[in-house]
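In what follows, every chain begins at residue 1, and chains take the letters A, B, ... in the order their sequences are listed.
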Amino acid sequence: MASANRGLNRYFDINGWLFVAPAALLIAIFMVYPILQSLWMSFQTGRGMMTQFGGLANIRRLFDDPMFMLALYNTMIFFIVQVPVMLTLALFLASLLDNPNLKFRGLIRTAIFLPCVSSLVGYSVLFKSMFVQDGLINSTLVGLGISDHPIPWMTDPFWARVLIIIAITWRWTGYNMIFFLAALQNIDKSIYEASRIDGVPAWGRFFHLTVPMLKPVILFTVVTSTIGTLQLFDEVRNIMTSDAGAATGPSNSALTLSVYIYNLTFKFMPNMGYAATVSYVIVVAVALLAVIQFYALREKD
Amino acid sequence: MDRLTRGLTAFFTYAFLGIMAFLSVFPFIWMVLGATNTSIDIIKGKVGIGTALLDNIRAFNAAVDVPLVFWNSIKIALISTALTLIVASLAGYGFEVFRSKYRERVYSAILLTLMVPFAALMIPLFVMMGKFGLINTHWAVILPTLGSAFVIFYFRQSTKAFPSELRDAARVDGLKEWQIFLLIYVPVMRSTYAAAFIIVFMASWNNYLWPLIVLQSNEMKTITLVVSSMASAYYPDFGAVMVSAILATLPTLIVFFVMQRQFVQGMTGSIK
């Protein structure tokens, strides 16, 4: 009996590996090998095919590179400002839409969700056409008296960043709202009834009941949004384009790390070693932020 | 709460939600209206139906081989999606059904790749594709997307709901493991496949950075690349750009409206 069992275990074990093998192989070739390869490349210096081992030269170069510092700063600005704004808005919208007595609930939900069906390049191009100097947005803002002059969205560093933030927020708020909505619908509503009878006001119920119960989903949306924002590329390149596709915005105000890596590798004389070093900054940042956010949201238990 | 406050709260709720819904939908309306207007009208912010639709379509057609570009996108998206679903569902099933210590470790390693930013892969991948001689081919676009940790995770989570009695009964009937997968698991998990199909198809259809790097000649380009290059001209013809943007958005929009339920299920299902 024991040997029959062992035979069966072996049979299941072989099957297990066979089912998993194609995926494991593909991931090994197209994910694991490249990530190790780019770690190796980050120690190489020189341009094109003429490279040599440079030790930590690339890392030292990061600190003396004003373009890298600017790209890092811009990327941080995008993520520090945009992620909280978007997630607060998404959570607020979700809690409004969670009310079963709300009329046109399905319609409103579909409408707000619709942006995340659009292609990143497609919507970027639409935003570009709406935010041109004498275009729709500026004439509307001036017409409504919100602004007394056209806003220089494409030519002023501050407004260029605001435009990118508006664009990403438009695209991803509905996406995050759906996660909050799904989580809210799993909450037992009787807890709310009880606290309402106890006289807890609406905002108190929101912060002391809803938010703690949504913590896992909030963690998930914060981490995925952060990773997404750190890799920002499509929007910047397609809203800020012109002049030879450098896509860095006025005074490089919209230069992100991903755009910088792309430009280092594929726009100028390729400097792959240094570009790989910059890409590892994103790797480290993503890992670090994920760990920090994970513990920050867990500690409060 | 007295009636006045309640009335005011309701008013502001509806006003706020109404504005948000309008702002969310408006760019789509703008895109459709824009396709009927001249480029000059578009950058002046004209909201209304124009008469330039045919001219815009003609300009778009003259700039690129539209059927070819559309076919390239469809082909890449369908092949990527089909292969990703096969690979990921096999793996998700394998990890969940045949558990072992070592496979759990492999699974954790695979989940870790979710954190890897594409920017850190693209340079070695580009070098690799050069060595394989695949630069400027559609396989260069397809291959790196096939091992998707997210979709494997999604299938493993969904497999937890696959009744083990079905599997046990089939084993008693003498079916091989691959037969159980093919004849029982796949049909039972139809809705999981549908949801995963939407997510993977959309991601592939909208993929931009990687095709931008590996597809160099015009006859290989996807619709997404075409929209981008038309809009980044020094003086873009926004009328033609709008037509191209409609073409780039239409397939995902149709998929969304036809399969809205599976769409949301696919997105949120993995975190439950």
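Contacts between B/Y14 and chain A at a heavy-atom distance below 4.5 Å involve the side chain alone, from C-beta outward. For a residue to count as touching a neighbouring chain, one of its non-hydrogen atoms must lie under 4.5 Å from one of that chain's; by this rule B/T252 touches chain A with backbone and side chain alike. When heavy atoms are compared at a cutoff of 4.5 Å, B/R156 does not approach chain A at all. The contact between B/L121 and chain A is made by backbone and side chain atoms together, counting heavy-atom distances below 4.5 Å. Only the side chain of A/L89 comes within less than 4.5 Å of a heavy atom of chain B; its backbone N, CA, C and O stay farther away. At a 4.5 Å heavy-atom cutoff, the contact between A/F12 and chain B is made by backbone and side-chain atoms alike. Only the backbone of B/L23 comes within contact range of chain A, judged by heavy atoms closer than 4.5 Å. Looking at B/M128, the atoms closer than 4.5 Å to chain A (heavy atoms on both sides) all sit in the side chain, from C-beta outward. Contacts between B/V255 and chain A at a heavy-atom distance below 4.5 Å are absent for every atom of the residue. Heavy-atom distances place no part of A/L18 under 4.5 Å from chain B, backbone and side chain included. With a 4.5 Å cut-off on non-hydrogen atoms, B/V97 does not touch chain A at all. The parts of B/M115 that come within reach of chain A are both its backbone and its side chain, each placing non-hydrogen atoms under 4.5 angstrom from that chain. Contacts of A/W40 with chain B are absent, with no heavy-atom separation under 4.5 Å from either backbone or side chain. B/F126 touches chain A through its side chain: at least one heavy atom from C-beta onward sits under 4.5 Å away, while N, CA, C and O do not. Looking at A/I227, the atoms closer than 4.5 Å to chain B (heavy atoms on both sides) all sit in the side chain, from C-beta outward. Heavy-atom distances place no part of A/Y123 under 4.5 Å from chain B, backbone and side chain included. In this structure, the portion of A/V132 lying under 4.5 Å from any heavy atom of chain B is its side chain and not its backbone. Using a 4.5 Å cut-off between heavy atoms, B/M230 makes no contact with chain A at all. Within the 4.5 angstrom heavy-atom criterion, atoms from both the backbone and the side chain of A/S118 approach chain B. Contacts between A/M31 and chain B at a heavy-atom distance below 4.5 Å involve backbone atoms as well as side-chain atoms.
For the residue pair B/W30 and A/S129, a side-chain donor N or O sits within less than 3.5 Å of a side-chain acceptor on the partner.
Proximity of B/F26 to A/L136: side-chain heavy atoms (C-beta onward) are separated by under 4.5 Å at one or more points. Taking 4.5 Å as the limit, some side-chain heavy atom of A/L114 sits within range of a side-chain heavy atom of B/L253. Contact check for A/L26 versus B/V87: side-chain heavy atoms found under the 4.5 Å cut-off. Side-chain contact between B/I123 and A/Y262: absent, with no pair of heavy atoms (C-beta onward) separated by less than 4.5 Å. Under the 4.5 Å side-chain criterion, counting only non-hydrogen atoms from C-beta, B/P124 is not in contact with A/Y33. Between B/L143 and A/F30, some side-chain heavy-atom pair lies under the 4.5 Å cut-off. Counting heavy atoms from C-beta on, the side chains of B/F257 and A/T110 come closer than 4.5 Å.
Under the 3.5 Å distance criterion, the side-chain polar atoms of A/K128 are matched with a main-chain donor or acceptor of B/A231. Side-chain atoms of A/S119 never come within 3.5 Å of backbone atoms of B/T249 as a donor-acceptor pair (strictly under, hydrogens ignored).
Contact tally against chain B (heavy-atom pairs below 4.5 Å) for A/V32, A/T140, A/T265, A/N138: the top residue is A/T265. Listed options A/R109, A/R171, A/M130, A/Q37 were ranked by heavy-atom pairs under 4.5 angstrom with chain B; first place goes to A/M130. Heavy-atom pairs under 4.5 Å with chain A peak, among B/A245, B/A109, B/P236, B/P144, at B/P144. Counting heavy-atom pairs closer than 4.5 Å to chain A, the top-ranked of the candidates B/I42, B/T224, B/L209, B/V116 is B/L209. Chosen from B/L146, B/L125, B/T145, B/V106, the residue pairing most often with chain A at heavy-atom distances under 4.5 Å is B/L125. Heavy-atom pairs under 4.5 Å with chain A peak, among B/R171, B/M202, B/M242, at B/R171. Considering only heavy-atom pairs separated by less than 4.5 Å from chain B, the leading option among A/S139, A/G135, A/A183 is A/G135. The residue among A/A111, A/A275, A/G122 with the most heavy atom pairs within less than 4.5 Å of chain B is A/A111. Of the residues considered (A/L93, A/L230, A/L257, A/L120), A/L93 shows the highest number of contacts with chain B, using heavy-atom pairs under 4.5 Å. In terms of heavy-atom pairs under 4.5 Å with chain B, the best-connected choice from A/V20, A/V286, A/L181 is A/V20.
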Original post:
Should A/F92 and B/F16 be marked as a ring pair (Phe, Tyr, Trp, His ring centres under 6.0 Å) after you check the CA-CA gap, both sets of side-chain angles, and the distance that decides it?
Top reply: CA-CA 11 Å; A/F92 187 55; B/F16 178 71; 5.3 Å; yes
**OP:** Would you please test A/N238 and B/S232 for side chain to side chain contact (heavy atoms under 4.5 Å, CB included) and show each step?
**Re:** CA-CA 7 Å; A/N238 287 292; B/S232 58; 5.6 Å; no
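Between atom CG of residue B/L114 and atom OG1 of residue A/T224 there is a gap of 10.5 Å, rounded to the nearest 0.5 Å. Put simply, CZ on A/F266 and CG on B/L212 are 9.0 Å apart, with the number rounded to the nearest 0.5 Å. One distance of note links OG of B/S24 with CE of A/M177; it measures 8.0 Å at 0.5 Å rounding. Rounded to the nearest 0.5 angstrom, B/N206 CG and A/D234 CG are separated by 9.0 Å. Taken to the nearest 0.5 Å, the CG atom of A/N15 stands 9.0 Å off from the OH atom of B/Y93. To the nearest 0.5 Å, atom OG1 of residue B/T13 and atom CG of residue A/L102 are 7.5 Å apart.
In this structure, B/I40 places its CD1 atom where only 12 or fewer heavy-atom neighbours from other residues, nucleotides or ligands lie under 6.0 Å away.
Nearest heavy atom pair, residue B/A119 against residue A/S258, reads CB-OG, 4.0 Å. Here the shortest heavy-atom pairing between B/A21 and A/I108 reads CB-CG2, 4.4 Å. Across all their heavy atoms, A/I27 and B/G147 have their closest contact at CG1-O, 3.5 Å. Residue B/K176 comes nearest to A/Y11 through the heavy atom pair CA-OH, 4.1 Å, listed as atom of the first residue, atom of the second, then distance. Nearest heavy atom pair, residue B/M20 against residue A/I112, reads CB-CD1, 4.1 Å. For the residue pair B/F238 and A/V125, the shortest heavy atom distance occurs at CE2-O, 4.4 Å.
Annotation: B/F95 is not in aromatic contact with A/F19 [ring centroid separation under 6.0 Å not met]. For B/F118 and A/F233, the distance between ring centers is not under 6.0 angstrom.
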